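This one's a predicted model, so the numbers in the text were calculated from it and none came from an experiment. The chains referred to below are lettered A, B, ... by the order of the sequence lines, with proteins before strands, and numbering in each begins at 1.
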There are 2 protein chains.
Amino acid sequence: MKIGEASDLSGLPAKTIRYYEDIGLVQSGRRENGYRDYGGQEIHKLRFIQRSRSLGFTVEQCRTLLSLYDDPDRTSADVRALAETHLEEIELKIRELAGMRDTLSQLVETCHGDHRPDCPILNDLAGDAETARSSRV
Amino acid sequence: MKIGEASDLSGLPAKTIRYYEDIGLVQSGRRENGYRDYGGQEIHKLRFIQRSRSLGFTVEQCRTLLSLYDDPDRTSADVRALAETHLEEIELKIRELAGMRDTLSQLVETCHGDHRPDCPILNDLAGDAETARSSRV
DNA sequence: TTAAACTTTCCAGTATCTGGAAGGTCAAGC
DNA sequence: GCTTGACCTTCCAGATACTGGAAAGTTTAA
């Protein structure tokens with residue numbers, strides 16, 4: 001099948017599929033006219049990558065996951081270690097974002113959001129903790 | 001003061017300060033020898049940006065925040081709107097990451113992580129929902 | 001025959017720095 | 001006076017993961 005159908009079946013834009021080929025992630029055959037040609041194997045790989053990416057694995061991690069998948073001598077410990085590392089990164093990221101969210105939502109709450117220029121958000125950003133705090137009362 | 005001290009006082013790497021100058025975010029004076037020269041105003045701006053970036057605002061949002069800060073005719077509504085937009089983006093990102101975390105932690109839990117190749121994580125990525133599910137019991 | 005819908009390659013741009021090379025400046029110590 | 005080391009300068013390239021667009025070739029349908 002051509003790249004358009006591969007795109008439909010994998011859920012990946014054609015551009016992205018070509019990009020994955022460029023970086024050596026998923027090869028494809030070629031027809032006589034130069035068009036890429038995909039079969040079940042490739043679609044399976046593409047879907048595997050799509051799913052992995054949707055779970056936040058980096059492209060390089062996808063490469064590793066694919067090679068583990070293809071390796072009959074892999075151990076589930078290897079796979080699990082990779083997933084755990086990634087999970088920890090996600091949890092770290094969530095904590096960082098939650099910190100931002102908490103601070104920001106406090107600031108947004110204390111800001112009147114009216115026509116006047118006085119703004120605790122700007123005061124906080126400016127490091128004017130005192131002004132920011134007093135506005136917060 | 002020179003860029004090294006500006007870096008210490010602002011918490012930004014010298015490289016980053018130069019970058020911010022490149023993109024027209026914070027200008028600096030120059031000494032006769034060509035070295036950048038910073039005063040209290042610039043340090044204040046750099047700290048403002050550092051704080052804004054630490055709350056996840058993009059560099060372009062920082063540019064807007066700075067111009068609002070410098071504008072005596074701003075309204076707190078404008079600032080608040082920007083912060084709210086950003087807050088919503090953060091909350092969206094958190095929800096996305098939380099979804100990944102939930103799926104991943106389930107997968108990690110069901111994986112034995114031993115020397116054997118059978119792995120529910122890979123089964124899930126491969127779209128083999130049945131195998132993945134049965135391993136999950 | 002013609003037009004639409006595909007496909008190809010290649011180049012550039014996004015966001016936010018970061019690393020490194022090659023070289024200039026300055027202050028301290030011998 | 002000279003060297004050494006810590007600064008500073010500019011400029012170029014790379015990281016991540018695509019995405020947009022141009023120019024051109026191919027196929028399909030009307």
Side-chain angles (χ1 to χ4, degrees), chain A residues 1-39 42 45-46 48-66 85-86 89-90 92-93 96-97 100, chain B residues 1-39 42 45-46 48-66 85-86 89-90 92-93 96-97 100:
Chain A
M1 74 191 75
K2 290 183 287 184
I3 199 169
E5 199 179 344
S7 169
D8 290 343
L9 292 181
S10 66
L12 292 167
K15 274 268 184 191
T16 300
I17 297 176
R18 291 195 196 96
Y19 169 69
Y20 288 160
E21 183 175 324
D22 273 357
I23 62 172
L25 206 51
V26 180
Q27 307 300 331
S28 78
R30 293 285 177 146
R31 299 184 181 184
E32 290 202 345
N33 61 11
Y35 283 18
R36 287 174 180 80
D37 200 3
Y38 297 90
E42 286 77 32
K45 266 195 175 188
L46 289 170
F48 184 101
I49 297 167
Q50 193 279 331
R51 172 78 174 143
S52 304
R53 291 287 298 131
S54 79
L55 290 178
F57 287 102
T58 66
V59 167
E60 285 315 305
Q61 285 173 327
C62 291
R63 197 189 297 273
T64 304
L65 286 167
L66 270 179
T85 298
H86 177 46
E89 283 164 7
I90 286 177
L92 175 61
K93 192 81 192 169
E96 287 172 3
L97 288 170
M100 294 178 189
Chain B
M1 76 191 72
K2 288 183 287 184
I3 199 169
E5 200 179 344
S7 169
D8 290 344
L9 292 181
S10 66
L12 293 167
K15 275 268 183 190
T16 300
I17 296 177
R18 291 194 197 97
Y19 169 69
Y20 287 160
E21 184 175 324
D22 273 356
I23 63 173
L25 206 52
V26 179
Q27 307 300 332
S28 77
R30 293 285 176 145
R31 301 186 181 182
E32 290 202 345
N33 62 11
Y35 284 17
R36 287 174 181 80
D37 200 4
Y38 297 90
E42 287 78 32
K45 266 195 174 185
L46 289 171
F48 184 102
I49 297 166
Q50 194 280 330
R51 171 77 173 147
S52 304
R53 292 287 298 132
S54 79
L55 290 178
F57 287 102
T58 67
V59 167
E60 286 315 304
Q61 285 172 326
C62 291
R63 198 189 296 275
T64 303
L65 286 168
L66 268 181
T85 298
H86 177 46
E89 283 165 5
I90 286 177
L92 176 62
K93 191 79 192 170
E96 288 173 2
L97 288 170
M100 294 179 189

Roughly, in whole Å, what's the span from [atom1] in [X] to [atom2] in [N]?
X	N	atom1	atom2	value
A/Asp22	C/dT9	CG	P	8 Å
B/Tyr38	D/dT9	OH	C1'	12 Å
A/Ile17	C/dT7	CD1	C1'	13 Å
A/Leu25	D/dC18	CG	C1'	13 Å
A/Glu5	D/dT28	CD	P	13 Å
B/Asp8	D/dC7	CG	P	9 Å
A/Met1	C/dT7	CE	C1'	16 Å
A/Tyr35	C/dT9	OH	P	11 Å

Which part of the nucleic acid does [X] contact within heavy-atom distance under 4.0 Å: base, sugar-phosphate only, or nothing?
X	result
A/Arg31	nothing
B/Arg36	sugar-phosphate
A/Ile23	nothing
A/Arg53	sugar-phosphate

Exercise. For the residue pair B/Ile3 and B/Ala14, what are the closest heavy atoms and their distance?
Worked result: CD1-O, 3.6 Å
Exercise. Among D/dA17, D/dG21, D/dC8, which nucleotide sits nearest the side chain of A/Lys15?
Worked result: D/dG21
Exercise. What's the closest nucleotide to the A/Val59 side chain, out of D/dC18, C/dT16, D/dT26?
Worked result: D/dC18
Taking 4.0 Å as the cut-off, does a side-chain nitrogen or oxygen of [X] come that near to OP1 or OP2 on [N]?
X	N	value
B/Tyr20	C/dT16	no
B/Asn33	D/dC8	no
A/Arg18	C/dC6	no
B/Thr16	C/dT18	yes

Problem set entry | Salt bridge flag under 4.0 Å for residues A/Glu60 and A/Arg63 | yes
Exercise. Does any N or O in the side chain of A/Asp37 come within less than 3.5 Å of the main-chain N or O of A/Met1, such that one atom is a donor and the other an acceptor?
Worked result: yes
Exercise. Does the side chain of B/Ser52 pick up a donor-acceptor pair with the side chain of B/Gln61 at under 3.5 Å?
Worked result: no
Problem set entry | DNA chain C: 5'-proximal contact among B/Tyr19 and B/Lys2 (nearest heavy atom) | B/Tyr19
Problem set entry | Earlier contact from the 5' end, DNA chain C, for A/Gly4 and B/Pro13 | A/Gly4
Seminar exercise, completed: Which of B/Glu21, B/Gln27, B/Glu42 passes side-chain hydrogen bond (donor to acceptor under 3.5 Å, both in side chains) with B/Arg36? Answer is B/Glu21
